[in-house]
A.B. asks: 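Take a look at this one; I'll ask things after.
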Amino acid sequence: MPEPGNFAEDFFAFVADHDGPSLAAHIHRSASDDQVREFLRHKSIYHLKESDHTTWVIPRLSDTVKAAVMELQYDEYGGGNPHRLHAHLFAQGLAASGLSAEYGAYIDEVPVEVLEQNNVMSLFGLNRRLRAASLGFLAAFEATSSSPSRKIAGGLERLGFPAEMVEYYTEHVEADAVHEQLAVRTICGALLAEEPSLHEDVFFGAWTSLDQDDRYAQRMLGAWTS
Ligand SMILES: [Fe+2]
Ligand SMILES: [Fe+2]
């Protein structure tokens, strides 16, 4: 874990140095239609309530950090347009793909890693003592989204998925390239400028995000490619 220094550079280096298995690369190049449908059913547990866990943490932040988080959340929640909410885009994609967009429809079939990821996001957001972990998790999540979203969109196109499903991912190619800067530099940067002692907690949250992604990817690649 990096020592306090140039936070944003250290954070981006921490994420870049992380070398986990890539589910997005598999989806891009060689996943079957069935595998991608399974992936989308698993992802529905989070994406149908996308960003809500970050909303939990907002009342637990200082004015400066709160204002920065709201800028990001405004975008995740559609910038005032209910048809542009990211959760809504994912629901549209599921429905167009012949999958259920009802919340929790697939909860009984998801692997434990998916439940764990969703639980930890709520745990971080709902506890003031874990506010820095919540924002570190957010920053790592955003910083590892843009390029995988491009690959997943390519895989969906390769398999002939409907435009609505592809659009959810293409939206995230650009949106999360902006969000990662906002989350790392403006949100976590403001938090640590005010409370430098939370440095380790930010990296703990980031590590948690990367680790959970890795373990989910390992499980699915093991099941699909063995
Ligand atoms: Fe999003
Ligand atoms: Fe985002």
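Numbers for residues simply follow the sequence, beginning at 1.
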A.B. asks: Can you get from Trp56 to Tyr46 by hopping between Ile, Leu, Val, Met, Phe, Trp and Tyr side chains that sit under 4.5 Å apart?
C.D. replies: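 Different hydrophobic clusters.
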
A.B. asks: Mind telling me whether Phe11 and Phe203 have parallel, tilted or perpendicular rings, with 30° and 60° as the class edges?
C.D. replies: tilted

A.B. asks: Taking 4.0 angstrom as the limit, do Arg185 and Glu9 come out as a salt bridge?
C.D. replies: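 Result for this pair is yes, salt bridge flagged.
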
A.B. asks: The test is salt bridge (Lys or Arg N to Asp or Glu O under 4.0 Å); show your working for Glu194 and Lys66 and say whether it passes.
C.D. replies: CA-CA 12 Å; Glu194 289 177 352; Lys66 191 179 274 181; over 6 Å; no

A.B. asks: Taking the six-membered ring for Trp, are Phe12 and Phe7 closer than 6.0 Å centroid to centroid?
C.D. replies: no

A.B. asks: Is there a path of hydrophobic side-chain contacts, each under 4.5 Å between heavy atoms, that joins Phe39 and Tyr103?
C.D. replies: yes

A.B. asks: Flag the pair Leu198 / Arg131 as yes when at least one side-chain heavy-atom distance between them is below 4.5 Å, and no otherwise.
C.D. replies: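 With C-beta onward as the side chain, the pair touches.
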
A.B. asks: With the 4.5 Å side-chain cut-off for hydrophobic clustering, are Val36 and Phe90 part of the same group?
C.D. replies: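 Yes, same cluster.
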
A.B. asks: Go through the steps for Gln73 and Thr55 under the test side chain to side chain donor-acceptor pair (under 3.5 Å), then give the verdict.
C.D. replies: CA-CA 8 Å; Gln73 292 297 84; Thr55 302; 2.9 Å; yes

A.B. asks: Checking Asn81 side chain against His83 main chain: does a donor-acceptor pair fall under 3.5 Å?
C.D. replies: yes

A.B. asks: Check whether the ring centres of Phe124 and Phe204 lie less than 6.0 Å apart, and answer yes or no.
C.D. replies: yes

A.B. asks: Output yes when Arg219 and Glu116 qualify as a salt bridge under the 4.0 Å nitrogen-oxygen rule, no when they do not.
C.D. replies: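 Here Arg219 does not pair with Glu116 in a salt bridge, since their nearest N and O are not under 4.0 Å apart.
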
A.B. asks: Tell me, do Trp224 and Leu23 make a side-chain contact under 4.5 Å, heavy atoms counted?
C.D. replies: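 Yes, side chains in contact.
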
A.B. asks: Contact between Asp213 and Gln117 at the side-chain level, heavy atoms closer than 4.5 Å - yes or no?
C.D. replies: yes

A.B. asks: Taking the ring of His18 and the ring of Phe14, is the distance between their centroids below 6.0 Å?
C.D. replies: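 No, they do not, as the ring centres are separated by 6.0 Å or more.
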
A.B. asks: In the structure I gave you, are the side-chain heavy atoms of Glu171 and Leu89 within less than 4.5 Å of one another anywhere?
C.D. replies: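 Glu171 reaches Leu89 side chain to side chain.
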
A.B. asks: Shortest non-hydrogen contact from Ser145 to His172?
C.D. replies: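 Scanning both residues, the minimum pair turns out to be OG-CB, 4.3 Å.
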
A.B. asks: Look at atom CZ of Arg150 and say whether more than 12 heavy atoms of other residues, nucleotides or ligands are closer to it than 6.0 Å.
C.D. replies: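 Incorrect, the count does not exceed 12.
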
A.B. asks: Let me see the working for Leu94 and Ser44 under side chain to side chain contact (heavy atoms under 4.5 Å, CB included), right down to the final yes or no.
C.D. replies: CA-CA 8 Å; Leu94 288 175; Ser44 71; 3.9 Å; yes

A.B. asks: So, for Lys151 and Ala24, which heavy atoms are closest and what is the spacing to 0.1 Å?
C.D. replies: CB-O, 3.7 Å

A.B. asks: Using a 6.0 Å cut-off, check whether atom CD of Glu71 has over 12 heavy atoms from anything other than its own residue.
C.D. replies: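 Counting neighbours around CD of Glu71, 12 or fewer heavy atoms of other residues, nucleotides or ligands fall under 6.0 Å, so no.
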
A.B. asks: Going by heavy atoms in the side chains, are Ser62 and Val65 under 4.5 Å from each other?
C.D. replies: yes

A.B. asks: Under the side chain to side chain donor-acceptor pair (under 3.5 Å) test, which residues partner Ser100, sequence neighbours left out?
C.D. replies: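 Counting only residues at least two positions away or on another chain, Ser100 forms no side chain to side chain donor-acceptor pair (under 3.5 Å).
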
A.B. asks: When the ring centroid of Tyr216 is compared with that of His42, is the distance short of 6.0 Å?
C.D. replies: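 Under 6.0 Å, so yes.
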
A.B. asks: Strictly below 4.0 Å, N to O, side chains only: are Lys43 and Glu38 in salt-bridge contact?
C.D. replies: no

A.B. asks: Should we say atom CG of Asp63 is surrounded by more than 12 heavy atoms from elsewhere, each under 6.0 Å from it?
C.D. replies: no

A.B. asks: If you compare all heavy atoms of Gly125 against all heavy atoms of Arg60, which two are closest, and at what distance to 0.1 Å?
C.D. replies: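 Looking at all heavy atoms of both residues, the closest pair is O-NH1, 3.4 Å.
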
A.B. asks: So does Tyr74 have more than 12 non-hydrogen atoms from other groups sitting under 6.0 Å from OH?
C.D. replies: no

A.B. asks: Side chains of His26 and Gln35 only: does a donor on one sit below 3.5 Å from an acceptor on the other?
C.D. replies: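 Note: His26 and Gln35 side chains meet the donor-acceptor criterion.
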
A.B. asks: Is there side-chain contact between Arg41 and Val114, with at least one heavy-atom pair below 4.5 Å?
C.D. replies: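 Counting from C-beta outward, Arg41 and Val114 never come under 4.5 Å.
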
A.B. asks: Any non-hydrogen side-chain atom of Val69 less than 4.5 Å from a side-chain atom of Leu135?
C.D. replies: yes

A.B. asks: Are His86 and Tyr77 close enough that a side-chain donor and a side-chain acceptor fall under 3.5 Å?
C.D. replies: no

A.B. asks: List the steps and the verdict of salt bridge (Lys or Arg N to Asp or Glu O under 4.0 Å) for Arg215 and Glu113.
C.D. replies: CA-CA 7 Å; Arg215 285 186 291 110; Glu113 291 82 1; 5.0 Å; no

A.B. asks: Going by heavy atoms in the side chains, are Pro21 and Asp214 under 4.5 Å from each other?
C.D. replies: yes

